[in-house]
Protein chains: 2
Amino acid sequence: MSDMKTAIMDAAERRMQAGGFSGFSFREIATDVGIKSSSVHHHFPTKEALAAAVIRRWADRTSDHVDKALAKDPDPVRVWTKAFRGTALSEPHMCPCTVLGASSHDLPKPVAEEVRRFFQMCLDKLVASGLTPNKASEFLSTIIGALVVANSLRDTAEYDRATKGVLKNRAKAVA
Amino acid sequence: MSDMKTAIMDAAERRMQAGGFSGFSFREIATDVGIKSSSVHHHFPTKEALAAAVIRRWADRTSDHVDKALAKDPDPVRVWTKAFRGTALSEPHMCPCTVLGASSHDLPKPVAEEVRRFFQMCLDKLVASGLTPNKASEFLSTIIGALVVANSLRDTAEYDRATKGVLKNRAKAVA
DNA sequence: GTCTATAATTTGATAGAC
DNA sequence: GTCTATCAAATTATAGAC
């Protein structure tokens, strides 16, 4: 992948984290990377193609990151809580899949499908790590909701308050 | 409040639930209620004023609904889980505060402030019902995240999977 | 309170030169 | 691969008639 294509996806990702699918324009992305908006179309034919590529890359990176972390720490709850904590504590504080997923029914179908794949991947990996389907759903909802509530309250510490109990119970279960 | 003002807020609320702040336009709202877009401005001067009014009404209604439900059922976890379940199971499946909160940093300040007030109200009421601050944060995050994940997966049953464990543990704690 | 008309801006996208 | 130029459509908002 060319450097410019990567730079475009980086810029789009950051703006999608803050404002979702309608939170970025080709002109803004172009300015961010130092070219013109028509040149962005050379790398990504449409806005939906760019958004879908960004979501897929985020999903792939998350999947890879979790796999590597699980090799060092066998507790999936601790691994996933820490992974999303990184997103919650650093700007722009949100996971793009969460922002887009909240308005999934207003997205172009290919983009909504990539978002769906992301959350299905999260659930599948949690179950593969030993959680029951119900526990996987409950835990994933807690960390996703913690991102949204912390973002809304403008208080990153809210993420830790929301996830403290999950980690504590897990420690007990493991001990 | 005039019937037309209420109808405008109803239309805006529904579109905000699906697409957030940028998910509705004055022309769409106008068509929904059968007037022209310029006439909408007679009732709400700006888009941000309309959005802020819709969020505030949603917060007030939620607060009132929960107060009444708590008078019949003393368990706040059951009451709040059931309240958001109604949103999750019926179209357009989302709480507008959750959709807007996910992209809080891309909102006009007065709108973001109303969203913040909504989530702070939820936490305050949960703590007033007897939950510790940490448990209130964890529980709120779980039901908010359940909305987002269920919406993204296009599977309303996901809300019940995510909240089943919370209700079960609560039943044990009460028993 | 609703209308017509319109301003001013932004949007995603395309054509074609270099 | 980037540019200039441009298009058609949509956006929020305002002015003023009725």
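Reminder, nothing fancy here: chain letters follow the sequence lines and each chain counts from 1.
Rounded to a whole Å, the CD1 atom of A:Ile29 is 16 Å from the C1' atom of C:dA13. As a whole-Å value, the separation of A:Lys36 NZ from C:dT14 C1' is 17 Å.
Residues A:Ser141 and B:Thr142 have side chains that never bring a donor and an acceptor to within less than 3.5 angstrom of each other.
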remark   = Once base and sugar-phosphate atoms are separated, protein heavy atoms under 4.0 Å mark nucleotides 7-18 of chain D, 5' to 3', with B, S and - as ----BBBB----
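Residue A:His42 has a polar side-chain atom (N or O) positioned under 4.0 Å from OP1 or OP2 of D:dG1. When the side-chain nitrogen and oxygen atoms of A:Ser39 are compared with OP1 and OP2 of D:dC3, one or more of them lie within a distance under 4.0 Å. Phosphate proximity of C:dT2 to B:His43: present, with a side-chain N or O under 4.0 Å from OP1 or OP2.
Residue pairs satisfying the salt bridge (Lys or Arg N to Asp or Glu O under 4.0 Å) criterion with at least one member in residues 33-56 of chain B, sequence neighbours excluded, are listed as follows: B:Arg56-B:Glu114. Sorted by first and then second residue, the salt bridge (Lys or Arg N to Asp or Glu O under 4.0 Å) pairs involving residues 2-11 of chain B (not counting sequence neighbours) are B:Asp10-B:Arg57. Annotation: salt bridge (Lys or Arg N to Asp or Glu O under 4.0 Å) contacts involving residues 137-157 of chain A, sequence neighbours excluded, comprise A:Lys135-A:Glu138, A:Asp155-A:Arg161.
Looking at residues two or more places apart in sequence or on another chain, you find a salt bridge (charged side-chain N to carboxylate O under 4.0 Å, His left out) between A:Arg116 and A:Glu113. The salt bridge (charged side-chain N to carboxylate O under 4.0 Å, His left out) check on B:Arg85 picks up B:Asp160, with sequence neighbours excluded.
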